[in-house]
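Hydrogens, waters and symmetry mates play no part in the numbers below; they use all other heavy atoms, side chains included. Residue indices begin at 1 and follow the sequence shown. Start at 1 and go down the list; that is how both ligands and their atoms are numbered. Quick caveat: nothing in here was measured; it's all calculated off a predicted structure.
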Amino acid sequence: MTPSTDLNIPLFERAKARIPGGVNSPVRAFRAVGGTPRFVQRAHGAYFWDANGQRFIDYIGSWGPMILGHGHPAVLDAVQKAAVDGFSFGAPTEREVELAEEIADLLPSIDMVRLVSSGTEAGMSAIRLARGATGRSRIIKFEGCYHGHADALLVKAGSGLATFGNPTSAGVPPEVVRHTLVLEYNNLAQLDEAFALHGADIAGLIIEPIAGNMNFVRASQPFIDRCRELCTRHGALFIADEVMTGFRVGLQCAQGLLNVKPDITVLGKVIGGGMPLAAFGGRRDVMEQLAPLGPVYQAGTLSGNPVATACGLATLREIRKPGFFTALAARTRALVDGLHSAAREAGVPFAADSEGGMFGFFLLDALPQNYPAVMQSNGAAFNTLFHGLLERGVYIAPALYEAGFVSAAHSEDDIGATVQAAREAFRLIGR
Ligand SMILES: *Cc1c(COP(=O)(O)O)cnc(C)c1O
């Protein structure tokens, strides 16, 4: 493909004239890796096709939701049937109840659930609920975790532990993040100190139990246990942000793997199966603080949308089938192992991890445990690998700090072709 025949280029030019940066979410713009984003024309199973009709094996899956692959027949059928019956009513429907029941049935920590339209909305509402339920203002978050783009969560660590965070985006007044304390992931000593200093004022602690927004970093068992214990002891709410890990790493989500019971869980991505749908849910006494029962206000015109709930329900019903996650996890592990041996052959440092249908890899000798260690990754080498794979028809996240996703539609042959492409791409990095 030469620049003069690449049909993605004129599309990107048109996009840039009318949409800031040409994209509706920044990471799609390829700013980190350079080059022109691929404009997707259609997708099926494990693949999508760009404006040139070139096929890519898709390891983003809409950044997580497409756990069954694109256009799964049962999901497509459910969505088509639901669309015929109406797109949106602004009045309750049975499917919302079914989805709430399904989520509560799968996650023992959830007694009640409220459906919303995006993970950002769910995370923002969970924070408001924690503050409303406790009557406290302060929240704890961890560096490298992402909880959507609500003001109070766009924050980086301040100069010291006793100081609160600084905004990471223009347009967020410092006063708005004044109550957000940012700590290092997996750092027990900092966690203890923060609760010792501020425990009585902390409304909630929010964490990705497996962090998927700094590539792939697991919370250690002692760390997650201590988070739970300190929240209980100090009367703060433990909020698990499982927007990415929920029904992606396993049927009981990351909280099941880590055997921890959050007070509030934030969900998104897979529960919508690719439609705009997210949720937050948890303990009955906490959820009953929400309007119309309680004083914490939260609402949404399209919340529990009938087409989105049909898509989400059909997706959850497929992933509940016996053996689903065992097969998905094995396929994902095969990919990670194949990438590992390809890197080793080329003499490129490599460390990787996976759980269920989610994986991450680093061009480092060992898996990082926190954000500063993730930042040691070699950006230039990653960009060479990214473009090497892209040219060979393999689409991974166009940024170093993102997790990857395998779907049930990825075949053994797809994994094999990916590993072969990686063998060639790793050689470009050289020794
Ligand atoms: C994607 C994500 C969000 C934000 O969800 P959106 O639907 O993009 O608003 C929040 N938290 C985590 C952990 C995520 O991965």
Can you find an N or O of Val243 that's nearer than 3.5 Å to an N or O of ligand 1? no
Centroid separation under 6.0 Å, is that true for the rings of Phe350 and Phe361?
yes
Ligand 1 atoms nearer than 4.0 angstrom to some heavy atom of Ser118 are 7 (O), 9 (O)
The answer for which part of Lys269 has a heavy atom under 4.0 Å from ligand 1 is side chain
CD1 of Ile110 to OG1 of Thr265, rounded to nearest 0.5 Å, is 4.5 Å
Honestly, for His147 the part within reach of ligand 1 (heavy atoms, under 4.0 Å) is backbone
Fill in: Pair Arg248 + Glu355, salt bridge at N-O below 4.0 Å
no
If you take the centroid of each ring, where Trp contributes its six-membered ring, are Tyr185 and Tyr371 closer together than 6.0 Å?
no
min-distance protein heavy atom vs atom 12 (C) of ligand 1 -> Tyr146 O, 3.3 Å
For atom 11 (N) of ligand 1, the closest protein heavy atom turns out to be Asp241 OD2, 2.7 Å
Going by the 4.0 angstrom heavy-atom rule, the piece of Val266 near ligand 1 is neither
Within 4.0 Å of some non-hydrogen atom of Glu208, the atoms of ligand 1 are 13 (C)
The complete set of ring pair (Phe, Tyr, Trp, His ring centres under 6.0 Å) pairs with one or both residues in residues 22-41, sequence neighbours excluded, reads Phe30-Phe386
The closest protein heavy-atom partner of atom 7 (O) of ligand 1 is Gly119 N, 2.8 Å
Exercise. Cation-pi between Arg114 and Phe280: NZ/CZ under 6.0 Å from ring centre and within 45° of the ring axis?
Worked result: no
In ligand 1, the atoms that come under 4.0 Å of a heavy atom of Gly148 are 4 (C), 10 (C)
dist Ile224:CD1 -> Leu258:CG (nearest 0.5 Å) comes out at 5.5 Å
Scan side-chain atoms only and decide if Asn186 and Asn370 contain a donor-acceptor pair under the 3.5 Å cut-off.
no
- Any N/O pair Thr120/ligand 1 closer than 3.5 Å: yes
- Query: Is at least one protein non-hydrogen atom found at under 4.0 angstrom from atom 15 (O) of ligand 1?
  - Reply: yes
